[in-house]
Amino acid sequence: MRRLIDLLAPLGLVIMAAAALVARHGWTVKPNLNTYLIAGAALVVAHIALRWEDIYKAIGGRQLRYGSNTAVLVVVVLAILVAVNYLAARHPLKKDLTKNQRYSLSDQTKKVVQGLKDDVRIVYFQRASDMEGSAGVDRVKDYQALSPHVKAEFVDPVVKPARARELDVKGPWPSIVVERGEKRERVNNDSEQDLTNAFLKVTREGKKTVCFAQGEGERDIDDGDEGGFSAAKAALEKDLYQTKKVVLAREGKVPAECSVLVVAGPQTDLLPQVADTIRDWVKAGGKALLMHDPEMKEKRPTYDALLKAFNIDAGNDVVVDISGFGQIFGAGELTPVAVDYPYHEITRGFRVMTAFNEARSMQAGTGTVEGVSAQDLVKTSPASWAESDLTLKPPVQFDEGKDKKGPISLAAVATVSVKPEPSPAPSAPPAAGPSPSPSPSPAESPKKEGRIVAVGDSDFASNTLLGFRPLGNRDFFLNSVAWLAQEVDLISIRPKEPEDQRLVLTREQQQNVAILALLLIPGLFIVLGIREWWSRR
């Protein structure tokens, strides 16, 4: 009898294993798989119940008690893990620890998406087998989480070809369609840059024009050399601005389509009539970005007077920085690096460095100009000074009483109040006619102001420095233009292209890694094991 009882548990296990194996191979299990599993489990339980006294004596009271405690602890730990996983699935918490925050959305994307007033639909076309674990799918879901106005749809073009034909999508995959009302934009890349640009294209009404002054040796937006501004032009066009060259001496005025006028490092002084044109335009509500390099070769009094009219002082100096920051980028003491930004909308949230090359000081004036409000925008470190000797004869060192000790302001910003024009007095109405509606008073007119951003260097926006990855020059330049153009949603830190972080090893390095991993490390453990065995003999 005892032998038959001892066969119950093995028989039950065999029944359960055999039933599961048959079902796994696709064979029909009659009446069903659960019947055999329950029957096998019943045989195991019967075996334990009938031989309980023998099991208790074999294990012993203390061992059974300890085993029970261990089993309870295991069950509790499993329950905690299940609860934590359930909460994590319902309330996911992400923390991007990668360099450059490559899996986090940029400030610009958050501003654009969270500022939506209408619904925007993202239709993401990709094969279903490739969607699982896709970074692009996760990115679209991140956009959707930012605003209830973002509606996402994920479509397999093979399963639903009619939907692909409806939106005229033909691949390659992934292919994404961003829609807002009648506007539709297609992209074949699920990167953040392309998605955010698609959002900008369908949500912005019209394009603003950034005009670059020419005629006094300014930087050229079509110049692809190191000192050119072709990268600045490309960055502006990516933010959906139009660019245009203007010769103010020939035009006689700033063209009406110019939302922002850029004067980038003229090599000669401005003509008086050109300076007057810019001054009058800003006072009437125009916006200008003025970049002014040190006057190493010749003075530019007309340019300096233009800045002075807006309470901005351009120093007759060149900034020297001995903090050592410039050496990080392979530059010297004449490349000041700024990390201090007085509070302003242009630099709000700025946590990056900006570099300037052979810059002059540019600061808000100590005096006052009626209707003008000016402030500093960018400052260097205390380990810098404004060198008054523009010949830069060695040794270049700080001279007390002649040079100005840092921090030095490299850029300043000014706003100019524009007085609204009085409305013409209404003509007297006929006696029998109805009384006219009152005309709006000047106080009710929309506020209009001129804006100036003045920088003591034009190299910071050149092809060499604008796209240098560790620096924030590109964001500073584009933020300045966006503030001048009153494009609030574009004042932010923009999405960056992911860095190529592949590790490339030479053949010798690959051999060294193989020797370390396959011979040295395993050999070390073998030697330690033999030593331990020998010591215990």
Going from CD on E345 to OG1 on T347, what distance comes out if it is rounded to the nearest 0.5 angstrom? 10.0 Å

Quick one: list whatever passes ring-ring contact (aromatic ring centres under 6.0 Å, His included) with Y241, sequence neighbours left out. none

Check: T380/D321 side-chain N/O donor and acceptor closer than 3.5 Å: no

Roughly how far, to the nearest 0.5 Å, is CG of L478 from CD1 of I346? 11.5 Å

Establish, from distance only, whether the side-chain atoms of D223 and S230 form a donor-acceptor pair under 3.5 Å. no

Non-neighbouring partners of E333 that pass salt bridge (Lys or Arg N to Asp or Glu O under 4.0 Å), sequence neighbours left out: none

Considering residues at least two apart in sequence or located in another chain, which fulfil the side-chain hydrogen bond (donor to acceptor under 3.5 Å, both in side chains) criterion with K233? D222

Across all chains, not counting sequence neighbours, the side-chain hydrogen bond (donor to acceptor under 3.5 Å, both in side chains) partners of T209 are Q242

Set of salt bridge (Lys or Arg N to Asp or Glu O under 4.0 Å) partners for K160, sequence neighbours left out: none

Atom of R474, atom of A235 and distance for their closest heavy-atom approach: NE-CB, 4.1 Å

How many angstroms lie between atom CD1 of I15 and atom OH of Y36, to the nearest 0.5 angstrom? 9.0 Å

Student check: side-chain heavy atoms of L410 and D457 closer than 4.5 Å: no

Would you call L516 and N512 a side-chain contact if the rule is heavy atoms closer than 4.5 Å? no

Take L146 and V150 through the test side-chain contact (heavy atoms from CB on, under 4.5 Å) and record every step on the way to the result. CA-CA 8 Å; L146 287 176; V150 178; over 6 Å; no

Taking the side chain as every heavy atom from C-beta outward, state whether V137 and K141 have any pair of such atoms under 4.5 Å apart. yes

Would you name the heavy atoms of V455 and F476 that are closest together and state the gap between them? CG2-CE2, 4.4 Å

Using only atom types and a distance under 3.5 Å, with no angle test, would you say the side chain of D225 pairs donor to acceptor with the backbone of G227? no

As a test of understanding, state which of D194, N188, V169, V187 forms a side-chain contact (heavy atoms from CB on, under 4.5 Å) with I176. V187

Could you go step by step and tell me if E185 and V177 meet the side-chain contact (heavy atoms from CB on, under 4.5 Å) rule? CA-CA 6 Å; E185 189 68 24; V177 177; over 6 Å; no

Between T196 and Q193 (side chain of the first, backbone of the second, donor and acceptor by atom type, cut-off under 3.5 Å), is there such a pair? no

So, for H47 and A9, which heavy atoms are closest and what is the spacing to 0.1 Å? ND1-CB, 3.3 Å

State which residue, out of K151, K183, R180, fulfils the salt bridge (charged side-chain N to carboxylate O under 4.0 Å, His left out) condition with D118. R180

Determine all donor-acceptor pairs shorter than 3.5 Å in which one atom belongs to a side chain in residues 122-130; sequence neighbours excluded.
| residue | atom | partner | partner atom | Å |
| --- | --- | --- | --- | --- |
| Y124 | OH | D190 | OD2 | 3.0 |

Residues which pass salt bridge (Lys or Arg N to Asp or Glu O under 4.0 Å) with E179, listed by chain and number, not counting sequence neighbours: R184

Could you check whether any side-chain heavy atom of L8 comes within less than 4.5 Å of a side-chain heavy atom of L50, counting everything from C-beta outward? yes

A338 versus V378, closest heavy-atom pair with distance: CB-CG1, 3.2 Å

Between K208 and E487, does a salt bridge (charged side-chain N to carboxylate O under 4.0 Å, His left out) hold up when you go through it step by step? CA-CA 10 Å; K208 293 192 174 183; E487 298 272 333; 3.6 Å; yes

If the condition is ring-ring contact (aromatic ring centres under 6.0 Å, His included), which residues does W173 pass it with, not counting sequence neighbours? none

Can T354 and Y341 be said to form a side-chain contact (heavy atoms from CB on, under 4.5 Å), step by step? CA-CA 10 Å; T354 47; Y341 308 97; 3.0 Å; yes

Between D459 and S462: side-chain donor-acceptor atoms closer than 3.5 Å: no

side-chain hydrogen bond (donor to acceptor under 3.5 Å, both in side chains) filter on S373, not counting sequence neighbours, yields none

Does the pair I452 and V413 meet the rule for a side-chain contact (heavy atoms from CB on, under 4.5 Å), with working shown? CA-CA 6 Å; I452 288 280; V413 62; over 6 Å; no

Whether the side chain of K379 engages the backbone of L377 through a donor-acceptor N/O pair (distance < 3.5 Å, no angle test) should be reported. no

T464 side-chain N/O to E226 backbone N/O, donor-acceptor pair under 3.5 Å: yes

Partner residues of Y143 under the ring-ring contact (aromatic ring centres under 6.0 Å, His included) criterion, sequence neighbours left out: F199

Check whether any side-chain heavy atom of R451 lies under 4.5 Å from a side-chain heavy atom of Q486, and answer yes or no. yes

Is any side-chain heavy atom of F212 closer than 4.5 Å to a side-chain heavy atom of L236? yes

Checking E153 now: which residues fulfil salt bridge (Lys or Arg N to Asp or Glu O under 4.0 Å) with it, not counting sequence neighbours? R121, R163

Apply side-chain hydrogen bond (donor to acceptor under 3.5 Å, both in side chains) to N473 and list each qualifying residue two or more places apart in sequence or on a separate chain. none

Nearest 0.5 Å, what's the CG-CG distance between L81 and N85? 6.5 Å

Separation between OG1 (T109) and CD (Q114), nearest 0.5 Å, reads 10.0 Å

Just wondering, do L13 and V44 contact through their side chains at under 4.5 Å, heavy atoms? yes

Could you tell me which non-hydrogen atom of V178 sits nearest to which non-hydrogen atom of A198, and how far apart they are? CG2-CB, 3.8 Å

Over all heavy atoms of both residues, which pair between P407 and S384 is shortest? Give the atoms and the distance, please. CA-OG, 4.4 Å

Relative to each other, are the rings of F460 and F356 parallel, tilted or perpendicular (30° and 60° limits)? tilted

With distance as the sole test, does K405 use its side chain to make a donor-acceptor pair with the main-chain N or O of A383 at under 3.5 Å? no

Would you indicate whether the side-chain heavy atoms of H149 and S147 approach each other to under 4.5 Å? yes

Roughly how far apart are L195 CG and N189 CG, rounded to 0.5 Å? 8.0 Å

